[in-house]
Colleague: 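Can you read through this structure? Questions will come right after.
Counting starts at 1 for both ligands and their atoms, in listed order. We number each residue from 1, following the sequence as shown.
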Amino acid sequence: MQEERNGITLTILQEKGGCGKSCAIFNIAAYLSKKKNVLIIDLDGQAADISYFLFGNKVGDSQDPMRSDVKTIMHIFRGADPKDVIVPVKENLDIVPANTEVTGLLSIHKIKTFKDFINKMRKKYDYILIDVPPSPNWSHVLCLSVCDYVMPIVNPDAASPKAIIGLNDSVEEIQSTSNPSLEYLGIIMNKYNERTNIAKTMLQQTENIAKQLEVSLFDTKIHQSVLLEEHILSHQSIFEYAGKSKAAKEYKNLSEEIISRIAERRR
Ligand SMILES: Nc1ncnc2c1ncn2[C@@H]1O[C@H](COP(=O)(O)OP(=O)(O)OP(=O)(O)O)[C@@H](O)[C@H]1O
Ligand SMILES: [Mg+2]
């Protein structure tokens, strides 16, 4: 009989596009899956979503570059058996992939159905990581309604630190309705470059916002890196693409911080 687990559900969120959410989930999931069982759930469905990062245009046995023949979370909402939807990526790492149909998630797709699905998955996986699009649509409501922890991600630019304040409205709304146990785990700084003045200024601004929200930044910052642009085109995590690089080391350190913050909260 399969060992029963008590999976932790996480998401990385930002309402401004292109901050590196999918790339971060890809690499953190890859690191966690070295030792633990991990499921990624793709609730995005854009062309360059995490399903594409992992597989390119050919998800699992799919023959269609548009992935129209791929089973997604929509099939779970229609009552499909999870084992017919989940696609293995590699040892210890599986995904519920997405295609453009997933962009049509609406309030008819019930929070309860999604919670029931996640609760089943918690028994099979140690970590469940959910990737969402940037725009705050129903996929954000579903995702935040089932997550234990949310990690906002920012870039050191003029817009993204402030966008966390908008995000916090959504988090508070969910905390007061469908998921009172939702917590911030920490803020991820991505595409950092300490040589620029804007990066220093925006780091300070992010720290000020973090204080207001009573959350701290992770100590590890992910620096701007050409390797982190390239690796998604090879459909390999940074650990496979450039295992000895500074970027791989940063993702290892960030993942270890995530593991230890979760352990502290659960002590
Ligand atoms: N630290 C980094 N340095 C350089 N490029 C990065 C870094 N992190 C991510 N990228 C690149 O930034 C681009 C956007 O990343 P990604 O798709 O992960 O963002 P996203 O937040 O998921 O976007 P969307 O809002 O469209 O879902 C990708 O080309 C990715 O390779
Ligand atoms: Mg994305």
Colleague: For the pair Tyr192 and His223, name the ring-plane relationship: parallel under 30°, tilted 30 to 60°, perpendicular over 60°.
Modeller: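 The rings of Tyr192 and His223 stand perpendicular, inter-plane angle above 60°.
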Colleague: Answer yes or no: are there more than 12 heavy-atom neighbours, outside Arg195 itself, under 6.0 Å from its atom CZ?
Modeller: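 For Arg195, atom CZ is not crowded (no more than 12 foreign heavy atoms under 6.0 Å).
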Colleague: So, with waters excluded, how many protein N/O/S atoms does the Mg ion (ligand 2) have closer than 2.8 Å?
Modeller: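 That number is 1, waters not included.
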Colleague: List the protein residues in contact with ligand 1, where contact means a heavy-atom separation under 4.0 angstrom.
Modeller: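 Within 4.0 Å of ligand 1, protein side: Gly17, Gly18, Cys19, Gly20, Lys21, Ser22, Cys23, Asp44, Gln46, Phe53, Pro134, Asn190, Lys191, Ile222, His223, Gln224, Ser225, Leu228, Glu229, Ile232.
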Colleague: If you count heavy atoms of other groups shown closer than 6.0 angstrom to NZ of Lys16, is the number above 12?
Modeller: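 Counting other residues, nucleotides and ligands, NZ of Lys16 exceeds 12 neighbours.
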Colleague: Could you check whether any side-chain heavy atom of Phe55 comes within less than 4.5 Å of a side-chain heavy atom of His235, counting everything from C-beta outward?
Modeller: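 Counting from C-beta outward, Phe55 and His235 never come under 4.5 Å.
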Colleague: Could you walk me through whether Asp49 and Lys21 satisfy the salt bridge (charged side-chain N to carboxylate O under 4.0 Å, His left out) test, starting with their C-alpha distance in whole Å, then the side-chain angles of each, then the deciding distance to 0.1 Å, before giving a yes or no?
Modeller: CA-CA 10 Å; Asp49 59 6; Lys21 295 179 293 297; over 6 Å; no
Colleague: How are the rings of Tyr31 and Phe239 set relative to one another: parallel (under 30°), tilted (30 to 60°) or perpendicular (over 60°)?
Modeller: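 If you compare the ring of Tyr31 with that of Phe239, the planes turn out tilted.
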Colleague: Stepwise, does the salt bridge (charged side-chain N to carboxylate O under 4.0 Å, His left out) test hold for Asp81 with Lys120?
Modeller: CA-CA 11 Å; Asp81 187 329; Lys120 264 189 217 153; over 6 Å; no
Colleague: Does a salt bridge link Glu194 with Lys200, judged by any charged N lying under 4.0 Å from a carboxylate O?
Modeller: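 Here Glu194 does not pair with Lys200 in a salt bridge, since their nearest N and O are not under 4.0 Å apart.
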Colleague: Measuring only between side-chain heavy atoms, which start at C-beta, is Arg5 closer than 4.5 Å to Asn37?
Modeller: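 Result yes, sub-4.5 Å side-chain heavy-atom pair found.
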